[in-house]
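Structure first, commentary second.
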Amino acid sequence: MEPIIQKILVVGGNGFVGSAVCRTALARGMQVASISSSGKPWQTPKGHTPGWVHKVEWHKGDALKPETYAHLLPSVTAVVHTVGTLFEKSGYKSAVKDGSVPRLVSDVAASATGGGRSANPLESEEKRREGSYALINRDTALTVCEAFINSKPEMKLAGPRAFIYLSAEDCGRPVIPAGYIESKREAEAAIERMTNDSNSNYRGVYIRPSLIYHPHFRPIISPVAALLDLSATIHAKAPAGLPTPAAVLRTLGGLLPRPARPDLTPDSPLHALARSLTIPPIHVDHVAEAICIAADNARADVRGPYGVEQMRELIGWHQKGKGLGRGETQAEAHA
């Protein structure tokens, strides 16, 4: 019996993470299709089109409207959802893409202080939900997942089809509003219920990266990634009992009131800030590699949440990292 050629559908395949998933999947011998609001193929920040782009099926589709992509689902062995937003109704993505520090700082500051939300009580509910965490981070994923589960695969598979959701480590609060991680955790819980009710024909995988960087495609992020990587290294090597910045933040966080939604954010924003100092950033190619391994139909053992440490183990990063020079950080190794 000949092995089945696996095919994945990437929701948001022309985005930062989605394009890395497409490229990595092709390198692993998979067929790849993408849906996005524009349907346009991915290009580098300078407008170049690499050769691998022509091997991807680029489709225009709305994640909230299954009728625009349902015809693609029976032929795929896994779906990868990479659509999401860090800040509601913000232009931060274009600022990051263009490398504009002033615009990025302005957008982040406005979103963190609630400036991106409309205070107009007459604004329609539909208009208010546009660009919201609930709509983009949660509802798009649940809509695609439901359509995927309701589709009938064209081929006989050895294992359950995977729905892979790009979630996040909870290490952005309070800079990133709590609504971001809450919407991610809501989506995870709902997808888990949906896949568990599918008679073992589907499995949910929740990829939880920290800060994702690429020195060439997102150079504006590289200095922050290098600093956080250095912080994680220092904290990892600090003697036990030493009052590190992260330890101080955790102590102070324990004095704060319980979060409003402890089922989604079980600890304080200071605990999340402490995690940002101890969890290293991760290269987008490593995230993509972990996703593609999870998408493999033969890897039925890969399910549930995968944080940075678990992703590194999944892709064998620790073994790959043994060749790094002494004192070289992860960010420097990719620069």
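No hydrogens, no waters, no symmetry mates; every other heavy atom, side chains included, goes into these values.
For Glu88 (side chain) and Tyr133 (main-chain N/O), a donor-acceptor pair under 3.5 Å exists by modelled atom type. Checked by atom type and distance alone, the side chain of Asn297 pairs as donor or acceptor with a backbone atom of Ala158 at under 3.5 Å. Here the side chain of Arg161 pairs a donor or acceptor atom with the backbone of Val76 at under 3.5 angstrom. Not one N or O on the side chain of Asp267 forms a donor-acceptor pair closer than 3.5 Å with the backbone of Ala272. Checked by atom type and distance alone, the side chain of Ser210 pairs as donor or acceptor with a backbone atom of Pro280 at under 3.5 Å. With hydrogens and angles disregarded, no donor-acceptor distance shorter than 3.5 Å links the side chain of Thr195 to the backbone of Arg203. Distance alone, capped at 3.5 Å, places no donor-acceptor pair between the Trp52 side chain and the Ala27 backbone. Looking at Asn196, its side chain does come within 3.5 Å of a backbone N or O of Glu192 through a donor-acceptor pair. A distance-only check finds no donor-acceptor pair linking the side chain of Ser231 to the backbone of Leu227 [under 3.5 Å].
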Got a list of side-chain donor-acceptor pairs under 3.5 Å for residues 250-261, not counting sequence neighbours?
{"from": "Thr251", "atom 1": "OG1", "to": "Ala247", "atom 2": "O", "distance (Å)": "3.0"}
{"from": "Arg261", "atom 1": "NH1", "to": "Glu186", "atom 2": "OE2", "distance (Å)": "2.8"}
{"from": "Arg261", "atom 1": "NH2", "to": "Glu186", "atom 2": "OE2", "distance (Å)": "2.8"}

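Note: the hydrophobic cluster containing Leu249 does not contain Leu228 (ILVMFWY, side chain heavy atoms under 4.5 Å, direct or indirect links). Transitive grouping of hydrophobic side chains (ILVMFWY, heavy atoms separated by less than 4.5 Å) brings Ile35 and Ile149 into a common cluster. Following chains of ILVMFWY side-chain contacts shorter than 4.5 Å, one can reach Leu73 starting from Met194, so the two form part of one hydrophobic cluster.
Here Lys46 contributes atom NZ and Phe217 contributes atom CZ; the two are 10.5 Å apart, rounded to the nearest 0.5 Å. Note that OH of Tyr165 is 4.0 Å distant from NZ of Lys184, once rounded to the nearest 0.5 Å. Between the CD atom of Glu309 and the CG atom of Leu314 there is a distance of 12.5 Å, given to the nearest 0.5 Å. In this structure, Tyr180 OH and Ile136 CD1 are separated by 11.5 Å, a value rounded to the nearest 0.5 Å. With values rounded to the nearest 0.5 angstrom, Leu9 atom CG is found 6.0 Å from Leu72 atom CG. Rounding to the nearest 0.5 Å gives a distance of 8.0 Å between CG of Asp62 and CD of Glu67.
Taking the six-membered ring for Trp and thresholds of 30 and 60 degrees, His286 and His283 have ring planes inclined between 30 and 60 degrees apart.
In this structure, the side chains of Leu277 and Pro245 come closer than 4.5 Å at one or more pairs of heavy atoms. Annotation: side chain of Met311 is in contact with side chain of Ile282 (closest heavy-atom distance under 4.5 Å). Counting heavy atoms from C-beta outward, Pro215 and Ser222 have side chains that approach closer than 4.5 Å. At least one side-chain heavy atom of Ile207 sits less than 4.5 Å from a side-chain heavy atom of Pro209. For the pair Val144/Phe163, a side-chain contact is recorded, criterion being any heavy-atom separation below 4.5 Å from C-beta on. Side-chain contact between Val80 and Val11: absent, with no pair of heavy atoms (C-beta onward) separated by less than 4.5 Å. At a threshold of 4.5 Å between non-hydrogen side-chain atoms, the residues Lys60 and Thr68 do not count as touching. A heavy-atom distance below 4.5 Å is found between the side chains of Phe87 and Ile176.
Applying the side-chain contact (heavy atoms from CB on, under 4.5 Å) test between Val287 and each of Leu166, Thr82, Val21 identifies Leu166 as the sole match.
At a cut-off of 3.5 Å, with distance as the only test, no side-chain donor of Thr265 or Arg185 sits close to an acceptor on the other residue. In this model, a donor atom of one side chain and an acceptor atom of the other lie less than 3.5 Å apart for Glu188 and Ser167. A donor and an acceptor atom, one from each side chain of Arg218 and Tyr213, are nowhere located under 3.5 Å apart. Side-chain contact of His59 with Ser34: a donor-acceptor pair under 3.5 Å is absent, judged by distance alone.
Comment: Glu182 does not engage Arg173 in a salt bridge, judged by the lack of any side-chain N to carboxylate O separation of less than 4.0 angstrom.
Considering all non-hydrogen atoms of both residues, Thr49 and Gln43 come closest at OG1-NE2, 3.5 Å. Closest of all the heavy-atom pairs between Ile212 and Phe16 is CG2-CE2, 3.8 Å.
Aromatic pair Tyr202/Phe148: ring centres closer than 6.0 Å.
For Gln310, the side-chain contact (heavy atoms from CB on, under 4.5 Å) partners at least two apart in sequence or on another chain are Tyr306.
Under the side chain to side chain donor-acceptor pair (under 3.5 Å) criterion, the residue pairs touching residues 14-26 are Asn14-Ser36, Asn14-Ser38, Ser19-Trp42, Arg23-Asp285, with sequence neighbours excluded.
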